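Side-chain atoms are counted along with the backbone in the values below, which use heavy atoms only and exclude waters and symmetry mates. Keep in mind that what you see is a predicted model, and the values were worked out from it rather than measured. Chain letters run A, B, ... following the sequence lines, proteins first and then strands; every chain starts at 1.
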Amino acid sequence: MGIKIYNTLTKRVEAFEPLEPGHVKMYVCGPTVYDYFHIGNARPFIVFDVVRRWFEYRGYRVTFVQNITDVDDKIINRAAAEGVSPQAIAERYTQAYWEDLERLGVLPANYQPKATEWIPKMVEFVQKLIDKGYAYVLEGGDVYFRVRKFEGYGKLSGKSLEELEAGARVEVDERKEDPLDFALWKAAKPGEPKWPAPWGEGRPGWHLECSVMAMGLLGETLDIHGGGQDLIFPHHENEIAQSEAATGKPFVRYWMHNGLLKYQGEKMSKSLGNFEYARDVVERYGKEAVRYFYLSKHYRTPVNFTHEAMEDARRAVERVYHLLEELDQELDRRDGHTAELNVEKLTKRGRTYLAYLERAKREFEEHMDDDFNTAAALGVLFELVKEANVFRQDVAEEDLPLLKRTFELIRELGAPLGLFQESPWRQAHGEVQAQLVELLIEVRKELRRKREYELADRIRARLRELGIELKDKGEETVWSYASTGAGVEGG
RNA sequence: GGCGGCGUCGCCAAGUGGUAAGGCAGGGGCCUGCAAAGCCCUCAUACCCCGGUUCGAUUCCGGGCGCCGCCUCCA
């Protein structure tokens with residue numbers, strides 16, 4: 001039935017058809033590298049990471065571009081404040097950006113172009129707009145885009161020129177032909193980074209880079225362009241104007257915008273000062289809790305950040321890992337890892353359960369296809385966890401392959417969400433350590449047999465302090481790495 | 001003021017024209033030497049309010065109220 005997407009441009013959910021069959025070309029606005037990104041900034045990174053993974057899950061080839069804005073007022077200001085070069089700031093935070101994405105489990109984009117590496121292309125692009133009469137040069141060397149000349153300005157944000165004019169704030173630059181016009185090129189000021197251009201040295205305006213790099217890497221018409229809702233106006237509106245003015249072709253076919261993160265009821269924002277760095281939140285709750293936190297909501301709705309919610313998310317993720325661990329160890333105990341699934345041999349109960357597994361998978365996929373409804377999909381996944389927990393209580397020998405199938409299915413469905421792929425078990429921490437733990441379990445088993453509970457409990461308590469959790473099941477004991485703090489993440 | 005979004009259990013959050021998934025928290029029980037995990041039972045009868053359409057609306061329409069975002073750099 002295919003993937004459906006809510007398109008900001010049409011304000012409707014539409015069936016997705018890529019321009020080139022089987023190949024999705026998507027672009028998402030990346031960071032301005034002047035600081036670590038905050039937990040709110042992490043939302044689009046995670047959301048579009050999942051969009052990308054879902055297309056791949058569905059068999060599409062995806063070319064995903066995410067830019068890095070490494071020349072900008074904020075970088076220049078920060079550099080001045082620290083007394084270092086803008087380049088040094090940009091390099092430092094570009095590096096940090098990559099590190100943080102990795103910590104969030106976000107797959108790297110296929111292309112991560114830096115604005116400073118595309119300046120000549122941008123200059124060409126501006127020249128083209130000037131030649132076509134869509135842009136004009138002011139005396140000092142600033143170049144502006146002539147908004148009124150572009151028919152359809154406002155189609156993305158739903159704004160009319162009249163409204164915009166009425167709402168226009170006091171305009172600093174009186175030399176502009178029209179208050180609505182926006183900067184394509186900023187003339188160099190003393191001490192600022194600058195590049196040569198036919199109309200004078202300077203640097204590109206913010207909107208310009210996205211258009212130039214997106215079209216440079218993906219072609220004149222993109223399938224998908226994404227970003228936060230706060231970018232709809234003016235950023236994306238301006239991108240459309242300049243791109244379509246230059247090429248005469250539709251710039252983007254599906255515009256996707258994620259909702260924003262609130263913090264204590266207000267928008268989380270650097271300028272308001274009410275934010276927490278993504279890296280700190282990941283450190284505290286683990287990457288999967290952060291991903292779960294976002295994915296348990298629809299990507300277009302606003303969400304409120306609280307530590308309670310992060311803690312809940314952490315526990316929810318833990319619940320799934322507990323099941324995986326139980327399944328794995330049950331398979332170990334009963335030599336079930338190699339058993340082949342053969343429907344003929346299953347018990348009646350097993351067949352019913354298998355049918356359920358298949359239905360769950362289908363429902364999960366349908367929800368994901370429906371405008372990436374990760375919240376509903378996760379609902380299906382947790383229902384599966386529940387059913388699996390019931391099923392595994394009493395499994396006939398013939399049905400053992402279903403335990404394996406359950407384990408695999410959770411991994412399979414978790415993969416496009418970037419969840420449940422970790423190994424919180426022994427292999428994540430090395431064989432020797434695992435054998436040591438098992439040795440202690442052996443000793444403790446003996447102690448319990450002798451009813452020397454005091455010592456047995458001390459072993460359990462001390463291991464707990466080391467992040468290793470023991471759970472007794474009658475005579476046997478299963479163990480896992482505890483997930484408080486960084487535990488589940490393999491810490 | 002203009003544009004857009006949102007208002008579902010204590011908290012988070014899907015969803016549907018025929019009385020509502022899931023997670024977290026809570027209560028009772030089973031299991032256990034104890035614990036942890038798990039299981040079973042329980043946990044929305046005004047789905048913001050008021051009208052309307054309908055045999056029937058939380059779901060559609062209209063009007064309110066409240067909250068949020070954008071209109072300025074911002075994911």
Side-chain angles (χ1 to χ4, degrees), chain A residues 8 11 28-32 34 37-48 72-74 77 154 157-160 162-172 206 226-235 237 257-262 265-272 275 278 292-293 296-298 300-304 306 308-320 322-323 325-326 363 367 370 373-386 388-390 392-394 448 451-454 456-457 460-461 464 469-474 477-480 482:
Chain A
T8 311
K11 297 181 179 55
V28 176
C29 289
T32 299
Y34 71 105
F37 64 81
H38 65 58
I39 186 66
N41 297 342
R43 189 174 192 185
F45 301 152
I46 291 168
V47 163
F48 291 103
D72 172 89
D73 289 342
K74 288 194 286 281
N77 293 341
S157 56
K159 295 175 189 306
S160 70
E162 292 67 41
E163 284 162 15
L164 287 168
E165 198 162 35
R169 311 284 172 93
V170 182
E171 193 46 60
V172 188
W206 174 42
Q229 281 169 354
D230 54 348
L231 295 184
I232 293 172
F233 191 90
H235 186 51
E237 195 70 72
H257 292 94
N258 62 272
L260 302 181
L261 181 73
K262 291 189 292 178
E266 276 189 311
K267 175 174 147 175
M268 181 178 283
S269 142
K270 291 269 174 69
S271 38
L272 292 174
F275 65 90
Y292 177 87
F293 170 75
S296 65
K297 287 111 183 133
H298 188 95
R300 282 187 279 117
T301 60
V303 309
N304 200 23
T306 63
E308 292 70 31
M310 290 309 307
E311 187 57 34
D312 287 354
R314 211 208 84 234
R315 270 195 280 265
V317 170
E318 195 173 308
R319 178 171 155 79
V320 178
H322 277 302
L323 171 64
E325 168 192 302
E326 295 283 355
E363 287 176 1
H367 281 126
D370 182 13
N373 192 341
T374 54
L378 278 170
V380 172
L381 195 61
F382 275 91
E383 206 173 339
L384 168 61
V385 168
K386 167 87 172 172
N389 269 320
V390 173
R392 75 178 172 80
Q393 298 298 116
D394 179 25
R448 290 174 68 218
R451 301 187 167 269
E452 294 187 29
Y453 294 125
E454 201 180 321
D457 286 355
R460 184 171 60 191
R464 185 73 188 71
E469 214 165 23
L470 302 189
K471 296 164 205 168
D472 298 330
K473 317 216 143 199
T477 298
V478 300
W479 66 279
S480 62

Pull out every protein N or O sitting under 3.5 Å from an N or O of nucleotides 3-11 of chain B, one pair per line with the distance.
residue : atom : partner : partner atom : Å
B:C3    : O2'  : A:S157  : O            : 3.1

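- Residues forming a side-chain hydrogen bond (donor to acceptor under 3.5 Å, both in side chains) with A:K471 (at least two apart in sequence, or on another chain): A:H322, A:E325.
- Every residue meeting the ring pair (Phe, Tyr, Trp, His ring centres under 6.0 Å) condition with A:F382, not counting sequence neighbours, appears here in chain and number order: A:Y292.
- A:F37 meets the ring pair (Phe, Tyr, Trp, His ring centres under 6.0 Å) test with A:F45; sequence neighbours excluded.
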Protein-nucleic acid N or O pairs under 3.5 Å, nucleotides 31-34 of chain B:
residue : atom : partner : partner atom : Å
B:G33   : O6   : A:R448  : NE           : 3.4
B:G33   : N1   : A:D457  : OD1          : 3.1
B:G33   : N2   : A:D457  : OD2          : 2.8
B:C34   : O2   : A:R460  : NH2          : 2.6
B:C34   : N3   : A:R460  : NH1          : 3.0
B:C34   : N3   : A:R460  : NH2          : 3.1
B:C34   : N4   : A:D472  : OD2          : 3.0

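- Here the separation of B:C68 from B:G52, taken at their P atoms, is 32 Å to the nearest Å.
- With sequence neighbours excluded, the residues satisfying ring pair (Phe, Tyr, Trp, His ring centres under 6.0 Å) with A:H235 are A:W206, A:H207.
- Scanning for side-chain hydrogen bond (donor to acceptor under 3.5 Å, both in side chains) contacts around A:R300 gives A:D371, with sequence neighbours left out.
- Applying the side-chain hydrogen bond (donor to acceptor under 3.5 Å, both in side chains) test to A:E383 and every residue at least two apart in sequence or in another chain returns nothing.
- Set against B:A75, B:A13, B:C39, the side chain of A:Q393 has B:C39 as its closest nucleotide.
- In this structure, A:E363 has no side-chain hydrogen bond (donor to acceptor under 3.5 Å, both in side chains) partners at least two apart in sequence or on a different chain.
- For the pair A:R319 and B:G23, the criterion of a side-chain N or O lying under 4.0 Å from OP1 or OP2 is met.
- The same atom, P, is picked in B:C48 and in B:A57; the two are 15 Å apart, to the nearest Å.
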